[in-house]
S.K.: 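Below is one structure. I have some questions about it.
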2 protein chains.
Amino acid sequence: MAKTVETIATALNISITTVRLVLNNKARQYRISEKTQKRINDYVAEHGYTVNHAARSLKLNKTDTLGLIIPRLSNVFFATLAEKLEIRCREAGYQLMISCTYSDLKQENALVDALVDRNVDGLFVVPSSLQAQNHHLKRTSRPLVLLDRDFDGTDTSLVVSDNRRGSIALTQAMFSAGQLPLFFMAGDTEQPTIKERMKGYTSVLEAQGIADCQQWILETAHNRREDGEKLMQQFLARHNAAPPAFIASSLPVLEGALSVLRSHFGFIPADINIGTFDEHPMLGFLSNNIWSVRQNEDAWAEQAVDAMLHLINGGDENVRAIVPMTLIHRARASL
Amino acid sequence: MAKTVETIATALNISITTVRLVLNNKARQYRISEKTQKRINDYVAEHGYTVNHAARSLKLNKTDTLGLIIPRLSNVFFATLAEKLEIRCREAGYQLMISCTYSDLKQENALVDALVDRNVDGLFVVPSSLQAQNHHLKRTSRPLVLLDRDFDGTDTSLVVSDNRRGSIALTQAMFSAGQLPLFFMAGDTEQPTIKERMKGYTSVLEAQGIADCQQWILETAHNRREDGEKLMQQFLARHNAAPPAFIASSLPVLEGALSVLRSHFGFIPADINIGTFDEHPMLGFLSNNIWSVRQNEDAWAEQAVDAMLHLINGGDENVRAIVPMTLIHRARASL
DNA sequence: GTGAAAGCGCTAACAT
DNA sequence: ATGTTAGCGCTTTCAC
């Protein structure tokens with residue numbers, strides 16, 4: 001359906017080069033006659049023309065396509081990040097291919113392989129482990145920008161949130177609010193993001209002279225709803241009462257924890273002080289005092305795409321961007 | 001970096017055809033000698049081989065890529081839908097290119113153009129209007145599957161939720177709960193989805209003998225948070241009290257409406273009966289009686305991909321799939 | 001059982 | 001100012 005340069009050239013009885021020149025706006029530069037230009041432009045106006053990306057890719061060995069590999073789109077944070085990245089990539093002339101790993105290592109590696117096989121010009125990845133990260137590095141010769149998790153061990157380009165400081169601000173605010181103990185429900189403690197959040201938490205409490213705040217930390221293996229449920233169930237079994245205050249290491253954990261409270265008490269006790277990482281408008285549905293730490297997806301996207309373009313254009317310094325977080329407080333509903 | 005078939009052939013001093021035959025598992029069929037097969041397999045095992053998609057695309061005029069155009073990824077419903085579609089497409093051997101329109105008509109058309117130019121094998125689109133829909137149809141000769149909105153006027157393949165019945169179930173449940181009037185906060189009443197939801201609503205109330213339930217409908221132009229805020233502000237200005245019960249036409253509208261209630265009263269009055277379209281775990285954060293109507297993204301994805309594959313494989317009947325919705329009730333927190 | 005060659009549409013380098 | 005050509009890596013067709 002799409003006309004080729006050759007079609008146009010033969011139809012107009014001009015050479016392919018000439019057509020290409022005006023199509024690529026080099027007409028001026030190569031001083032193509034006005035008349036010829038007009039003929040070509042008229043033809044295109046009538047019959048249309050679009051480059052054949054496949055042919056172009058084959059010749060130039062680049063696809064004008066970037067890959068993004070994240071755990072899951074149904075997680076609002078990653079969805080928003082994907083959205084922001086997609087906008088900026090498109091602005092830069094790249095299409096984004098988004099794929100999800102569902103936190104499955106095999107899947108993650110397979111996805112990197114698939115996108116590399118499709119010859120993407122670069123890859124954004126949220127790695128699940130150092131091992132995976134190394135696989136990706138080995139697998140592609142194209143630029144790689146890691147997101148969200150700093151497993152260290154390489155000098156690959158990287159964009160993460162300042163989880164430590166974010167957690168410190170959160171913990172300080174909640175400590176000042178005065179309800180103790182302030183528990184921490186941590187999913188997937190192996191993950192750098194969570195580790196940093198825990199470090200921020202403990203650093204504040206220790207500075208406040210809380211001797212053994214480790215006892216206030218509840219750990220589980222993953223960052224899912226079920227894990228939050230499990231933690232809160234365990235808590236209730238042990239203490240037989242709701243915690244006066246707690247921090248959830250992520251929204252899914254919070255959802256799980258609160259759903260258990262709701263079904264245990266019949267409602268979510270409004271006097272619990274709640275803290276969580278990641279922000280969501282629906283947190284306003286709670287009657288509680290609630291603090292959330294927002295990640296700035298827009299800044300992430302900007303930094304990540306900048307880093308990517310830099311690498312694509314032959315730059316070799318890797319970027320390590322640490323994006324500030326924002327603490328948001330919703331005051332407990334007054335009665 | 002990637003080896004080509006020719007590289008292998010010359011390295012092994014065999015013809016290209018032979019190499020291709022074993023690479024494509026036609027060795028048996030063409031009775032390539034075991035020895036030759038082994039030589040080739042060994043070589044590949046050592047040096048690797050991946051087809052060059054660009055070359056393949058150029059020759060075969062297909063990209064093994066599908067496009068998905070949705071309003072926005074930061075909307076959980078679309079994000080989840082995208083996720084489910086991506087899984088199924090990948091299973092079928094296709095990569096998905098996801099792009100967002102931000103409800104901008106120009107952007108929507110431009111995206112379709114961009115993906116068509118990239119020669120995607122097919123396109124899933126959530127159209128913003130009949131006009132846009134027609135543009136897309138005209139623009140591509142490849143299969144098109146419309147999602148979410150039935151503007152009618154064409155016999156293109158289509159997957160939508162059974163909004164009418166979903167709304168009927170919701171309205172009946174809330175009517176039976178007994179708190180009246182039951183208002184309906186409707187964003188973007190031009191959109192078929194919302195229209196159907198309103199029709200379901202009015203049909204139930206009229207059947208119940210509510211003479212003029214039109215007065216219970218509050219309308220606004222869009223489906224965003226701000227629109228929900230506006231509606232609830234208007235409501236409060238007029239009635240100077242919270243509604244005893246209301247239905248929001250979508251989650252963003254609900255978020256907006258509730259945030260206004262929260263800032264007006266200092267809390268969200270727990271005795272309001274709330275209904276909403278689309279389901280979200282965080283609805284459980286509310287203390288209210290709340291009904292939500294879930295759309296089955298998984299079923300959508302299955303139907304949409306099936307329809308797409310059918311068309312890609314030369315089928316010509318268009319599918320019109322209407323996916324049932326599920327009513328979910330969360331009982332008001334007991335005290 | 002294996003080989004040779006054309007051609008998909010583009011770009012870049014080299015003619016004139 | 002305009003024209004010619006080689007070649008990117010694959011698939012398909014035909015030939016031995």
Side-chain angles (χ1 to χ4, degrees), chain A residues 1-41 43-44 47-65 93 116-121 141, chain B residues 1-41 43-44 47-65 93 116-121 141:
Chain A
M1 63 154 287
K3 297 272 168 263
T4 74
V5 175
E6 199 184 352
T7 322
I8 304 180
T10 52
L12 262 38
N13 216 346
I14 332 183
S15 91
I16 297 182
T17 311
T18 311
V19 176
R20 276 200 64 246
L21 257 22
V22 351
L23 252 37
N24 296 5
N25 294 317
K26 309 262 183 182
R28 252 308 184 22
Q29 193 176 332
Y30 287 87
R31 298 191 294 173
I32 309 289
S33 72
E34 289 296 332
K35 202 165 61 180
T36 315
Q37 286 188 51
K38 186 163 165 26
R39 287 181 66 206
I40 295 173
N41 288 328
Y43 186 94
V44 170
H47 300 91
Y49 168 73
T50 59
V51 289
N52 181 318
H53 279 260
R56 197 166 186 278
S57 293
L58 177 58
K59 180 68 188 177
L60 300 183
N61 192 29
K62 62 172 195 142
T63 50
D64 297 330
T65 300
V116 168
D117 284 354
R118 280 186 179 244
N119 204 16
V120 292
D121 294 341
S141 52
Chain B
M1 58 154 290
K3 299 273 167 261
T4 74
V5 176
E6 198 184 352
T7 321
I8 304 180
T10 53
L12 261 39
N13 217 347
I14 331 182
S15 93
I16 298 184
T17 313
T18 311
V19 176
R20 276 201 64 248
L21 257 21
V22 352
L23 252 36
N24 295 6
N25 294 317
K26 310 262 186 186
R28 250 311 184 22
Q29 192 177 334
Y30 287 87
R31 298 191 295 173
I32 309 290
S33 70
E34 289 294 334
K35 202 165 62 180
T36 313
Q37 285 188 49
K38 184 162 166 29
R39 288 182 63 206
I40 295 173
N41 288 329
Y43 186 95
V44 169
H47 301 89
Y49 169 75
T50 59
V51 288
N52 181 318
H53 279 259
R56 197 165 187 279
S57 293
L58 178 58
K59 181 68 187 178
L60 300 183
N61 192 31
K62 61 172 194 142
T63 50
D64 297 330
T65 299
V116 168
D117 284 355
R118 280 188 179 245
N119 205 15
V120 292
D121 294 341
S141 52

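Labels below follow one simple rule: chain letters A, B, ... track the order of the sequence lines, proteins then strands, and each chain is numbered from 1.
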S.K.: For C:dC10, does OP1 or OP2 lie under 4.0 Å from any side-chain N or O of A:Tyr49?
M.R.: yes

S.K.: Could you say whether B:Val51 or B:Thr17 is positioned toward the 5' end of DNA chain D, judged by the nucleotide with the nearest heavy atom to each?
M.R.: B:Val51

S.K.: Does A:Ser57 place a side-chain N or O at less than 4.0 Å from the phosphate oxygens OP1/OP2 of C:dC10?
M.R.: no

S.K.: Would you kindly give the CG-to-C1' distance between A:Asn13 and D:dG3, to the nearest whole Å?
M.R.: 12 Å

S.K.: Check the distance between D:dG7's P and B:Asn52's CG and give it to me in whole angstrom.
M.R.: 17 Å

S.K.: So if I take every side-chain heavy atom of A:Ile32 and compare against C:dT11, D:dT2, D:dG9, which nucleotide ends up nearest?
M.R.: D:dT2

S.K.: To the nearest Å, how far apart are A:Lys62 NZ and C:dT11 P?
M.R.: 10 Å

S.K.: Looking at A:Thr50, is its backbone amide N or carbonyl O close enough to the side chain of B:Asp117 to form a donor-acceptor pair, meaning the two atoms are under 3.5 Å apart?
M.R.: no

S.K.: Could you tell me the separation between the NZ atom of A:Lys59 and the P atom of D:dT5, rounded to a whole number of Å?
M.R.: 15 Å

S.K.: Any side-chain N or O of B:Arg56 below 4.0 angstrom from OP1/OP2 of D:dG9?
M.R.: no

S.K.: Whether B:Thr18 contacts C:dG3 is assessed here as follows: a side-chain N or O lying under 4.0 Å from the phosphate OP1 or OP2. Is that the case?
M.R.: yes

S.K.: Between B:Ser33 and A:Ala55, name the one whose nearest nucleotide on DNA chain C is closer to the 5' end.
M.R.: B:Ser33

S.K.: So does B:Ile16 get a backbone contact from the side chain of B:Glu6, meaning a donor-acceptor N/O pair under 3.5 Å?
M.R.: no

S.K.: Rounded off to whole Å, could you give me the CG-to-C1' distance for the B:Asn24 and D:dT11 pair?
M.R.: 9 Å

S.K.: Mark yes or no for a side-chain to base donor-acceptor pair under 3.5 Å between B:Thr36 and C:dT2, with no hydrogen or angle criteria applied.
M.R.: no

S.K.: Please confirm whether the shortest side-chain N or O distance from A:Ser15 to OP1 or OP2 of D:dT2 is below 4.0 Å.
M.R.: no

S.K.: How close or far is atom P of C:dT16 from atom CD1 of A:Ile14, stated in whole angstroms?
M.R.: 22 Å

S.K.: Measure from NE2 on A:His53 to P on C:dT11 and round the result to the nearest Å.
M.R.: 10 Å

S.K.: Passes side-chain contact (heavy atoms from CB on, under 4.5 Å), A:Asn61 versus A:Asn119? Steps please.
M.R.: CA-CA 8 Å; A:Asn61 192 29; A:Asn119 204 16; 3.0 Å; yes

S.K.: Looking for any heavy atom pair under 4.0 Å, which part of the strands does A:Leu58 touch: base, sugar-phosphate only, or nothing?
M.R.: base

S.K.: How about A:Arg56 and A:Thr63: does a side-chain donor come under 3.5 Å of a side-chain acceptor?
M.R.: no

S.K.: Take atom CG of B:Asn61 and atom P of C:dG9, then tell me their distance rounded to the nearest Å.
M.R.: 8 Å

S.K.: I'd like to know if the side chain of B:Ser15 pairs up with that of B:Arg20 as donor and acceptor (distance under 3.5 Å, no hydrogens or angles considered).
M.R.: no

